[in-house]
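Written out below as structure tokens is the structure these notes cover.
These numbers were taken from a predicted model, which means no experiment stands behind them. FYI, the numbering just counts along the sequence from 1. First listed ligand is number 1; within each ligand, the first listed atom is number 1.
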Amino acid sequence: MIGASGFGREVLDVVDALVAAGTRPGLRLVGVVDDAPSAENLARLARRGAAYLGTLEDWLGRDDGSAYVVGIGDPGVRGRVVTRCDEAGRPALTLVHPTATAGFGVRHGAGTVVCAGVQVSTEVVLGRHVHLNPNATVGHDSVLGDLVSVNPGAIVSGACVIGDGSLIGAGSVVLQQRRVGAGAVVGAAACVTRDVAPGATVRGVPAR
Ligand SMILES: CC(C)(COP(=O)(O)OP(=O)(O)OC[C@H]1O[C@@H](n2cnc3c(N)ncnc32)[C@H](O)[C@@H]1OP(=O)(O)O)[C@@H](O)C(=O)NCCC(=O)NCCS
């Protein structure tokens, strides 16, 4: 697991829940990789018995046969780490918490993490390395690109298209059929009533 900060350790909770549920035979945490973990986060890892494995390059230099998942919330930083792991030929793991629900025909891209309480509706397509934070909802037929983050409690309504690397802030709502461009940021608690241009940051109700 790459990233010792907040979301990274939430990903460890997903791993723990899957191991406890026994639905992913062979799944085991080898340890946590981080280029610059704070002393506080190292103490938090130690408290839960998660080994710290050193920097990304340390881990890539040791071919221990393990697969990876990136627990870094920022889509841009996550993308850079994924590019490096791809170059090194490391396989990505997909993790879905046992309490998350998924409708018919949902597709999860490699490296995607789905946290506790998430509801993914029917025929949703999730790209690679998407993060769905606790209690997020994704409506029917929506398509989320690679490296999208949907923060806690956000609602992406039906038939939306969410571009690569965009961040949907906590508690926000994207109305049905809206398109959020690549690299855009939707502020916490915003309501997206119109399409959002690539790279734009919008906030408020209605979001501007
Ligand atoms: C919208 C957002 C991207 C703006 O970030 P920023 O550019 O760093 O904004 P700042 O904190 O400098 O605030 C700039 C102004 O926007 C306002 N603002 C910040 N976030 C806002 C939001 N979500 N809704 C409405 N106004 C917001 C601030 O009050 C401030 O207003 P002021 O200039 O009148 O004082 C960010 O605040 C946000 O909401 N990100 C999503 C965070 C999230 O989902 N967190 C959960 C993590 S699990």
Kindly say whether [Y] contributes a backbone atom to a donor-acceptor pair with the side chain of [X] at under 3.5 angstrom?
X    : Y    : result
R9   : A4   : yes
S157 : V174 : yes
R84  : L56  : no
R78  : H129 : yes
S142 : V161 : no
D164 : L147 : no

Are D74 and R80 within salt-bridge range, i.e. N to O under 4.0 Å?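 Here D74 does not pair with R80 in a salt bridge, since their nearest N and O are not under 4.0 Å apart.
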
When you measure from the heavy atoms of P152 to every atom of ligand 1, does any distance fall below 4.0 Å?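 So P152 counts as touching ligand 1.
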
Whether N133 lies under 4.0 Å from ligand 1, heavy atom: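 The answer is no: ligand 1 sits nowhere under 4.0 Å from a heavy atom of N133.
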
Heavy-atom pairs closer than 4.0 Å: do any link ligand 1 to the side chain of A190, the backbone, both, or neither?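 For A190, there is no contact with ligand 1 at all, from either part.
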
Hey, which atoms in ligand 1 end up nearer than 4.0 Å to a heavy atom of G169?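 Here the atoms of ligand 1 in question are 44 (O).
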
By number and element, which atoms of ligand 1 are closer than 4.0 Å to a non-hydrogen atom of V185?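 Result: 3 (C).
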
4.0 Å protein heavy-atom contact status of [atom], strictly under:
atom                    : value
atom 28 (C) of ligand 1 : no
atom 2 (C) of ligand 1  : no
atom 34 (O) of ligand 1 : no
atom 48 (S) of ligand 1 : yes
atom 43 (C) of ligand 1 : yes
atom 11 (O) of ligand 1 : no
atom 39 (O) of ligand 1 : yes
atom 15 (C) of ligand 1 : yes

Shortest protein contact, [atom] (heavy atom only):
atom                    : value
atom 45 (N) of ligand 1 : N151 ND2, 4.0 Å
atom 36 (C) of ligand 1 : G187 CA, 4.9 Å
atom 9 (O) of ligand 1  : R203 NH1, 4.0 Å

Neighbour count >12 (heavy atoms, 6.0 Å) for atom CD, E87: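 Enclosed.
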
Do other residues, nucleotides or ligands put more than 12 heavy atoms under 6.0 Å from R90 CZ?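 Yes, CZ of R90 has more than 12 neighbouring heavy atoms, counting only those of other groups under 6.0 Å.
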
D58 and T55: side-chain donor and acceptor closer than 3.5 Å?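 Yes, because at least one side-chain N or O of D58 sits under 3.5 Å from a partner of the opposite role on T55.
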
Does the side chain of V202 reach to within under 4.5 Å of the side chain of V180, using non-hydrogen atoms?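 With C-beta onward as the side chain, the pair stays apart.
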
Which of these, G6, A188, A170, P134, has its nearest heavy atom closest to atom 46 (C) of ligand 1?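 Considering heavy atoms of G6, A188, A170, P134, the nearest to atom 46 (C) of ligand 1 sits in A170.
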
